[in-house]
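Reading through the structure tokens given below for one structure.
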Amino acid sequence: MNYWLLKSDVEDFSISEMQKESRVEWVGVRNYQARNFMRDQMKLGDLALFYHSNAEPSGCAGVVRVASPAHPDSTALIKKSKYFESKATKENPIWFCVDVEFVTQFEKFVSIADLRNNPKLADLEILKKGSRLSVTPLSEIHFKEILKMAK
């Protein structure tokens with residue numbers, strides 16, 4: 001099993017909305033490295049931290065599970081979508097996504113400050129200067145440490 005961190009702008013889609021929806025396509029990723037993680041490495045059943053970005057404070061709000069293999073991101077073909085990609089076609093979709101399903105909302109929100117203050121998480125990708133990827137891999141150790149912090 002692999003572990004991931006998935007960022008979502010809290011104003012666009014929150015853990016509460018994820019819980020209501022139960023299962024969604026994780027659309028709108030427009031970075032090649034993040035896309036490649038989803039397309040090439042995410043597997044059915046992998047677990048991911050749901051991270052609220054652009055929030056006050058930003059941080060980990062819960063857990064979701066990868067519920068489908070990677071597939072073309074259909075929003076890239078919708079002209080009125082903010083994720084429209086003029087170079088994408090059905091034959092050459094360019095952008096991919098996975099479906100994710102709600103697992104849990106944390107009892108205790110784990111803020112970015114909480115993450116920074118935990119020495120066991122010092123090499124966490126999201127804490128590195130200049131890190132902006134919306135999809136990043138996590139080690140099992142990091143994943144489990146953050147789960148402990150959320151209780």
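The basis for the numbers below is simple: all heavy atoms, side chains too, and nothing from hydrogens, waters or symmetry mates.
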Residues Glu17, Lys20: salt bridge by 4.0 Å N-O rule = no

Report yes if the side chains of Leu77 and Lys90 come closer than 4.5 Å at any heavy-atom pair, otherwise no.
-> yes

For Ala76 and Ala88, the nearest pair of non-hydrogen atoms, with its separation, is CB-CB, 4.2 Å

List the steps, then state whether side-chain contact (heavy atoms from CB on, under 4.5 Å) holds for Glu101 with Asp99.
-> CA-CA 7 Å; Glu101 61 189 7; Asp99 294 2; over 6 Å; no

Is the closest side-chain heavy-atom distance between Val63 and Phe106 below 4.5 Å?
-> yes

Parallel, tilted or perpendicular: rings of Phe37 and Trp4 (30°, 60°) | tilted

If you look at every heavy atom in Gly62 and Ile15, which pair is closest and at what distance?
-> CA-CD1, 4.1 Å

Would you say the side chain of Pro137 lies within less than 4.5 Å of the side chain of Glu125, judging by non-hydrogen atoms?
-> no

Under a 4.5 Å side-chain heavy-atom rule over Ile, Leu, Val, Met, Phe, Trp and Tyr, are Val103 and Met149 clustered together?
-> yes

Carefully, step by step, assess Met42 and Val135 under the rule side-chain contact (heavy atoms from CB on, under 4.5 Å).
-> CA-CA 10 Å; Met42 278 190 177; Val135 176; 3.8 Å; yes

Looking only at heavy atoms, what is the nearest atom pair of Arg23 and Ala67, with distance?
-> NH2-O, 3.0 Å

Given side chains that start at C-beta, do those of His142 and Leu49 come closer than 4.5 Å, heavy atoms only?
-> no

From Lys43 atom NZ to Met1 atom CE, the distance as rounded to the nearest 0.5 Å | 13.5 Å

Atom of Asp73, atom of Gly28 and distance for their closest heavy-atom approach = OD2-N, 2.8 Å

Should Phe84 and Phe13 be counted in the same cluster of Ile, Leu, Val, Met, Phe, Trp and Tyr side chains packed under 4.5 Å apart?
-> no

Hey, any chance Leu115 and Leu47 share a hydrophobic cluster, counting ILVMFWY side chains that come within less than 4.5 Å of each other, even indirectly?
-> yes

Determine whether more than 12 heavy atoms belonging to other residues, nucleotides or ligands lie under 6.0 Å from atom NZ of Lys144.
-> no

Between Ile112 and Leu127, does a side-chain contact (heavy atoms from CB on, under 4.5 Å) hold up when you go through it step by step?
-> CA-CA 8 Å; Ile112 188 84; Leu127 300 179; 3.6 Å; yes

For Tyr83 and Glu85, run side-chain contact (heavy atoms from CB on, under 4.5 Å): C-alpha distance rounded to whole Å, both residues' side-chain angles, the deciding distance at 0.1 Å, then the answer.
-> CA-CA 6 Å; Tyr83 303 121; Glu85 171 61 61; over 6 Å; no

The reported gap from CZ in Arg65 to CZ in Phe102 (rounded to nearest 0.5 angstrom) is 11.0 Å

Residue list, side chain to side chain contact (heavy atoms under 4.5 Å, CB included) with Arg132, at least two apart or on another chain | none

Between Ser131 and Ile126, what is the shortest heavy-atom contact and its length?
-> OG-CA, 4.0 Å

Co-membership, hydrophobic cluster, residues Leu5 and Val64, 4.5 Å side-chain | no

Inter-residue atom distance Glu140.CD - Leu147.CG, 0.5 Å rounding | 10.0 Å

Side-chain contact, heavy-atom cut-off 4.5 Å: Tyr51 with Val110?
-> no

Could you tell me whether a side-chain N or O of Thr75 sits under 3.5 Å from a main-chain N or O of Ser81, the two making a donor and an acceptor?
-> no

Nearest atoms (heavy-atom pairs only) where Glu145 meets Lys120 | OE1-CD, 3.4 Å

Is Val29 reachable from Trp95 through a run of hydrophobic residues whose side-chain heavy atoms are each under 4.5 Å from the next?
-> no

Side chains of Asp114 and Ser111: is there a donor and an acceptor less than 3.5 Å apart?
-> yes

Do side-chain atoms of Asn31 reach the backbone of Ala34 as a donor and acceptor pair under 3.5 angstrom?
-> yes

Can you tell if the side chain of His71 reaches within under 4.5 Å of the side chain of Glu25, non-hydrogen atoms only?
-> yes

Out of curiosity, Gln19 CD to Gln105 CD, how far, rounded to the nearest 0.5 Å?
-> 6.0 Å

Between His52 and Phe109, how do the two ring planes meet: parallel, tilted or perpendicular, split at 30° and 60°?
-> tilted

Pairwise distance CG(Leu124) to CD1(Ile141) - rounded to 0.5 angstrom = 12.5 Å

Looking only at side chains, do Asn2 and Gln41 share a donor and an acceptor under 3.5 Å apart?
-> no

Would you check if Val10 and Asn54 make a side-chain contact, meaning some heavy-atom pair closer than 4.5 Å?
-> no

Tell me, do Asp12 and Lys82 make a side-chain contact under 4.5 Å, heavy atoms counted?
-> yes

Roughly how far, to the nearest 0.5 Å, is OG of Ser134 from CD of Gln33?
-> 10.5 Å

